[in-house]
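As a basis for the values below, the full set of heavy atoms in this structure was taken, side chains included, without hydrogen atoms, waters or symmetry mates. A quick note: this is a predicted structure, and the numbers were derived from the prediction, not measured. A, B, ... follow the sequence lines: proteins, then strands. Residue 1 opens every chain.
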Amino acid sequence: MTQEKNILPAIIAHCKEYGFVFPSSDIYDGLSAVYDYGSNGVELKNNIKEYWWKSMVRMHDNIVGIDAAIFMHPATWKASGHIDNFSDPMIDNKESKKRYRVDHLIEAHAATLSNTEGESLLKKMDELLVANDYDGLHQLIQTCGISCAVSGTKNWTEIRQFNLMFSTKVGSVAEEASEVYLRPETAQGIFVNFLNVQKTARMKIPFGIAQIGKAFRNEIIARQFIFRMREFEQMEMQFFIKPGTQKEWFEHWKQTRLDWHLKLGFAKEKYRFHNHVKLAHYADAALDIEFDFPFGFKELEGIHSRTDFDLSSHQKLSGKKLTYFDTDENKHYVPYVIETSIGLDRTFLMVLSASYCEEKTTTTDGAEDTRIVLKFPPALAPTKLAILPLTKKDGLPELAKLISTECKSHFACFYDEKDSIGKRYRRQDAIGTPFCITIDHQSLEDKTITIRHRDSMTQERMPIAKIKDFVLEKIQLI
RNA sequence: GCGAGAGUAGCUCAUUUGGUAGAGCGCGACCUUGCCAAGGUCGAGGUGGCCGGUUCGAGCCCGGUCUCUCGCUCCA
């Protein structure tokens, strides 16, 4: 982690001031860990989505997209393991404030006992867990004299259950309504549609299904701005492969996804891989691509070798075959899966924190000043081109508006004739507009304008006829 | 969830021990100017996060609550 001052508060303030991100329900003092995207934020976010979709779907003949619903049949979450694995009872030690999973705490204690004693303790624990008998579990912890490894005391809170999934009811008549969950991950929408997509898109293994969508997790505590939100958006792709080939495909996607990041042009030291040592219940290999956020290296994207866990599990619970007939091998099998899953909001924060710069400058009268500039990759910038008549007289606005009409069907433009030219440049810097053109009196005579570059602040003269192609070329990333 | 800090105009902040709320920037109109946050005139904008208590009187003291930041914690 860098030793510079933490720029996160400055980024948050900047996001609010320039219409990137607002706290949700701001007039009611916000809702914890929920945020809204503003006029510039939604453009940036859409551009990130487009870069991802284009490089993952459109550039691959064997990857197609879907858009699955947020509500899914409750059995989905039984099959995926979310119901069984993510509702664990927890307990806190009052002195150390450390929180433990109850089963982990008791298992650790059992390991210190003799074999027979340990086994009988675990058996007892399982019975209580199945019965959801939290009082009994609490009593068990007390009678065993289990103490906190940190504080050494036996001063425990009540046992509480934390379920990561939000639930709601489908059906308007209360007693007939059935409980459904807001999906905690988008992946299952792909797995349950595996055969629908494979058949209708006429896909042959290896092939992928991609999706961008919202997911919801009732985090115990959510922090660090839009890094961990209760409602968030994922961009993920499940790649279906022949069993036994997962190692090579895992390596393939690991490299492909890192290349995707590096193409944005941020310093490559800002990225690193983090291999998972302890694997989730579905994975046989897993790693994160981490980014150096203002609060340190944190997970940005996960790449998981999910084996056939999900498809097999759905096949078993639904009773529907989810196998693929491989004409090369002349046999049926349940495909293996490599997943790439990236947080859209985290990518947004990555782009912002990598682009945010405060530069010391001096104004024309010699005073010290700070230029705040968002050095977005041009492809991601909310506005590509600002069109600025030097004055609002002498026919300059009219010519500027002609240029604006010509350009705005090709990329996002912003027309501004208010305030001094210097102030207008700075406003565009603050929202990361890569190019500003200025229409002056010479423009009327020789049909040229000056184009000003955001990062260097240098200007060059250019024929009006060349503007569109110049910008189009600069905002091309793929 | 725990600990610390913060919350006053759109933004950044000020109001020296409690006495009817201010500045700069920004915003809108007009004038002047014309290449890196320019000057002038006028104007809009605040039940001081919210609720309660103490007091003749609270932005300031006390309690509660909400939100944000930082550190823990949590994290498929």
- prompt: When we call it a touch if two heavy atoms are under 4.0 Å apart, what does A:E299 touch: a base, just sugar-phosphate, or nothing?
  reply: nothing
query: Just checking A:Y18: base, sugar-phosphate only, or nothing, at a heavy-atom cut-off of under 4.0 Å?
result: base
query: For A:F232 and B:A76, what is the distance between atoms CZ and P respectively, to the nearest whole Å?
result: 12 Å
statement: To the nearest angstrom, the CE-C1' distance between A:M457 and B:A37 comes to 12 Å
field: Heavy-atom neighbours of A:Q139 CD exceed 12 at 6.0 Å
entry: no
message: Does A:R217 contact B:C75 through a side-chain donor or acceptor facing the base, at a distance under 3.5 Å?
response: no
field: From CA spacing to verdict: ring-ring contact (aromatic ring centres under 6.0 Å, His included), A:F295, A:F227
entry: CA-CA 10 Å; A:F295 37 86; A:F227 184 80; 5.4 Å; yes
Within the sub-3.5 Å range, which N or O atoms of nucleotides 39-41 of chain B have a protein N or O partner, and how far apart are they?
none

- prompt: Going through the checks in order, is the salt bridge (Lys or Arg N to Asp or Glu O under 4.0 Å) test met by A:K392 and A:E417?
  reply: CA-CA 6 Å; A:K392 43 183 163 180; A:E417 61 179 32; 5.3 Å; no
- prompt: Where does RNA chain B pair, written as one dot-bracket string 5' to 3', with Watson-Crick or G-U pairs under 3.5 Å, ( ) inside the strand, [ ] for crossing pairs and | for another strand?
  reply: (((((((..((((.....[..)))).(((((.......))))).....(((((..]....))))))))))))....
task: May I have the distance from A:Y425 (atom OH) to B:G34 (atom P), rounded to whole angstrom?
output: 15 Å
statement: Residue set satisfying side chain to side chain contact (heavy atoms under 4.5 Å, CB included) with A:K408, at least two apart, ordered chain then number -> A:S404, A:C413
Validation row, ring centre A:Y181 to ring centre A:F71 under 6.0 Å: no
- prompt: A:T450 and A:R461: side-chain hydrogen bond (donor to acceptor under 3.5 Å, both in side chains), yes or no, with the steps?
  reply: CA-CA 4 Å; A:T450 57; A:R461 209 136 190 117; 5.1 Å; no
- request: Could you check whether A:D429 gets within reach of a base, just the sugar-phosphate, or nothing at all, counting any heavy atom under 4.0 Å?
  value: nothing
- request: Check each of A:I289, A:I342, A:T340 against A:W260 using the side chain to side chain contact (heavy atoms under 4.5 Å, CB included) test, and report the only one that passes.
  value: A:I342
message: Could you check whether A:R452 makes a cation-pi contact with A:F435, meaning its NZ or CZ is under 6.0 Å from the centre of the six-membered ring and within 45° of the ring axis?
response: no
query: Which heavy atom of A:P335 sits nearest a heavy atom of A:D308, and at what distance?
result: O-CB, 3.5 Å
query: If you take all heavy atoms of A:P74 and A:V180, which pair is closest and at what distance?
result: CG-CG1, 4.5 Å
field: Test: A:K384 cationic atom under 6.0 Å from A:F411 six-membered ring centre, within 45° of axis
entry: no
task: Return the 5'-most residue of the pair A:F227, A:I372 with respect to RNA chain B, ranking by each residue's nearest nucleotide.
output: A:I372
field: Sugar-phosphate only, base, or nothing, as touched by A:R452 at under 4.0 Å among non-hydrogen atoms
entry: base
- request: Please measure how far the C1' atom in B:G46 lies from the corresponding atom in B:G26, and state the result in whole Å.
  value: 16 Å
- prompt: For A:L374 and A:A430, which heavy atoms make the closest approach, and how far apart are they?
  reply: CD1-O, 3.3 Å
- prompt: Taking all atoms of both residues into account, what is the closest heavy-atom pair of A:E179 and A:S167, and its distance?
  reply: OE2-OG, 3.1 Å
task: Let me know the distance between NE2 of A:H276 and P of B:A76, rounded to the nearest Å.
output: 9 Å
Enumerate all atom pairs, one protein N or O and one N or O from nucleotides 27-31 of chain B, separated by less than 3.5 Å.
{"from": "B:C27", "atom 1": "OP1", "to": "A:R427", "atom 2": "NH1", "distance (Å)": "3.2"}

message: Short of 4.0 Å, heavy atom to strand atom, which residues of residues 338-348 of chain A count as contacting RNA chain B?
response: none
Any protein N or O atoms within reach of nucleotides 10-13 of chain B? Criterion: under 3.5 Å, listing atom names and distances.
{"from": "B:C11", "atom 1": "OP1", "to": "A:K16", "atom 2": "NZ", "distance (Å)": "3.4"}

- prompt: For A:I12, which contact category applies under a 4.0 Å heavy-atom criterion: base, sugar-phosphate, or nothing?
  reply: sugar-phosphate
- prompt: In whole Å, what separates the C1' atom of B:G40 from that of B:U33?
  reply: 11 Å
message: For A:D419, run the side chain to side chain donor-acceptor pair (under 3.5 Å) check against A:R427, A:R424, A:R426 and tell me which one passes.
response: A:R427
query: Has the side chain of A:H304 got a donor or acceptor that lies under 3.5 Å from a partner of the other kind on the base of B:A76?
result: no
- request: For residues A:E299 and A:R346, report the shortest heavy-atom separation together with the two atoms involved.
  value: O-NH1, 3.1 Å
